[in-house]
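The structure appears below as structure tokens.
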2 protein chains.
Amino acid sequence: MRKTTSTNFSNEEALAAICPMHNVMRVLGGRWKIALLYFIYQGHHRFGLLQKKMPFITTKMLSAQLKELEQDGLIHRKIYAEMPPRVEYSLTEKAQTLLPVLEDLYNWGERYIAVPA
Amino acid sequence: MRKTTSTNFSNEEALAAICPMHNVMRVLGGRWKIALLYFIYQGHHRFGLLQKKMPFITTKMLSAQLKELEQDGLIHRKIYAEMPPRVEYSLTEKAQTLLPVLEDLYNWGERYIAVPA
DNA sequence: TACTATACTAACCAAAAAGAAAGTAATGCG
DNA sequence: CGCATTACTTTCTTTTTGGTTAGTATAGTA
């Protein structure tokens with residue numbers, strides 16, 4: 001739970017007010033989110049598959065970040081009423097519009113960021 | 001100091017290996033960086049001016065994030081041997097090439113991200 | 001001598017993010 | 001009944017990030 005009385009919290013709000021980019025970063029930040037979007041885009045729609053693609057991520061983190069992406073309207077979560085359960089994640093239109101921008105950013109990174117040794 | 005033996009650390013490395021975007025996010029992450037780039041771009045080249053523009057940031061954070069931006073080659077730090085000291089920050093070419101991409105991201109955010117109430 | 005200005009650094013503490021490990025739920029199968 | 005399957009949740013601990021406060025350096029001015 002976020003502590004809404006902290007300077008940390010109010011600083012973030014104040015910053016968002018002067019720098020709207022901050023909200024974008026809030027949505028795309030979080031360690032696994034961009035990779036998740038990428039893998040879902042690649043066709044790995046299920047929890048288990050995503051975990052196989054990223055063997056390091058814990059179920060807690062996967063679950064949490066998928067939830068945030070869903071809340072931010074970037075992925076859609078479809079539940080099949082089966083047993084064992086089946087849930088499929090897919091990119092929303094909103095996320096589709098983001099892809100080309102991320103691609104530009106990716107290309108910038110390729111050209112200008114040295115991968116740390 | 002970063003603890004290089006933690007899972008946290010090795011996860012980040014593993015992630016960067018499968019998702020090069022992670023390196024981009026590492027460079028642009030950190031609470032104040034994008035705002036800093038923006039203000040420097042706007043012509044606020046000095047430590048004190050930047051602090052005036054962002055009254056919440058502490059000297060420690062300002063100093064730290066400027067240092068990281070410099071290390072990542074996004075800003076240039078020019079020291080004038082005067083007293084009282086004068087230091088001027090400016091965007092590098094690398095940062096200039098990033099601006100249009102950030103602008104696209106900004107526009108995407110404007111259109112698609114609801115500012116939290 | 002005391003005080004100003006500027007651009008910081010250092011030591012310590014609070015808060016947030018991430019990881020580890022165990023547990024839940026519902027159904028079908030042997 | 002006991003186990004497998006899938007997609008999680010919960011609690012607790014570690015790691016990282018950010019904030020608070022005090023202090024440094026150097027020359028000029030009152």
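Naming: A, B, ... by sequence-line order, numbering from 1 per chain.
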Atom-to-atom span, [atom1] of [X] to [atom2] of [N] - whole angstrom:
| X | N | atom1 | atom2 | result |
| --- | --- | --- | --- | --- |
| A:Ile79 | C:dA25 | CD1 | P | 17 Å |
| B:Arg86 | D:dG28 | CZ | C1' | 16 Å |
| B:Glu88 | C:dC8 | CD | C1' | 16 Å |
| A:Glu82 | C:dA25 | CD | C1' | 16 Å |
| B:Glu12 | C:dG19 | CD | P | 9 Å |
| A:Ile57 | D:dA7 | CD1 | C1' | 14 Å |
| B:Arg46 | C:dA5 | CZ | C1' | 10 Å |
| A:His22 | D:dG18 | NE2 | P | 9 Å |

From C-beta outward on [X], which listed nucleotide comes closest to its side chain: [options]?
| X | options | answer |
| --- | --- | --- |
| B:Ser63 | C:dC8, D:dT15, D:dG19 | C:dC8 |
| A:Thr7 | C:dG19, C:dA16, D:dG19 | D:dG19 |
| A:Asn8 | D:dG18, C:dA18, D:dC8 | D:dG18 |
| B:Thr58 | D:dG19, D:dT6, C:dA18 | D:dG19 |
| B:Lys3 | D:dG18, D:dT15, D:dA7 | D:dT15 |

Looking at [X], I'd like to know whether one of its side-chain N or O atoms comes within less than 4.0 Å of OP1 or OP2 on [N].
| X | N | value |
| --- | --- | --- |
| B:Arg31 | D:dG19 | yes |
| B:Trp32 | D:dT17 | no |
| B:Gln65 | D:dT17 | no |
| B:Tyr80 | D:dT26 | no |
| A:Arg2 | C:dA15 | no |
| A:Lys67 | D:dC8 | no |

task: Select from A:Met83 and A:Lys60 the residue whose nearest nucleotide in DNA chain D is closer to the 5' end of that strand.
output: A:Met83

- prompt: Nearest nucleotide by nearest heavy atom, which residue falls closer to the 5' end of DNA chain C, A:Pro85 or A:Thr4?
  reply: A:Thr4

- line: Between B:Leu49 and B:Asn11, the residue closer to the 5' end of DNA chain C by nearest nucleotide is B:Leu49

With a cut-off of 6.0 Å (strictly less than), are more than 12 heavy atoms of other residues, nucleotides or ligands near [atom1] of [X]?
| X | atom1 | answer |
| --- | --- | --- |
| B:Tyr38 | OH | no |
| B:Glu88 | CD | yes |
| A:Lys94 | NZ | yes |
| B:Tyr41 | OH | no |

field: Side-chain ion pair, B:Glu12 and B:Arg2, N-O less than 4.0 Å
entry: yes

message: Applying a 4.0 Å non-hydrogen cut-off, can you work out what A:Tyr89 is touching in the nucleic acid: base, sugar-phosphate, or nothing?
response: sugar-phosphate

- request: Spell out yes or no: do the side chain of B:Ser6 and the base of D:dT16 have one donor N/O and one acceptor N/O closer than 3.5 Å?
  value: no

message: Any N or O donor-acceptor pair under 3.5 Å from the base of D:dT9 to the side chain of A:Thr59?
response: yes

- request: Fit a plane to each ring of B:His44 and B:Phe39, take the angle between them on a 0 to 90° scale, and name the class: parallel (under 30°), tilted (30 to 60°) or perpendicular (over 60°).
  value: perpendicular

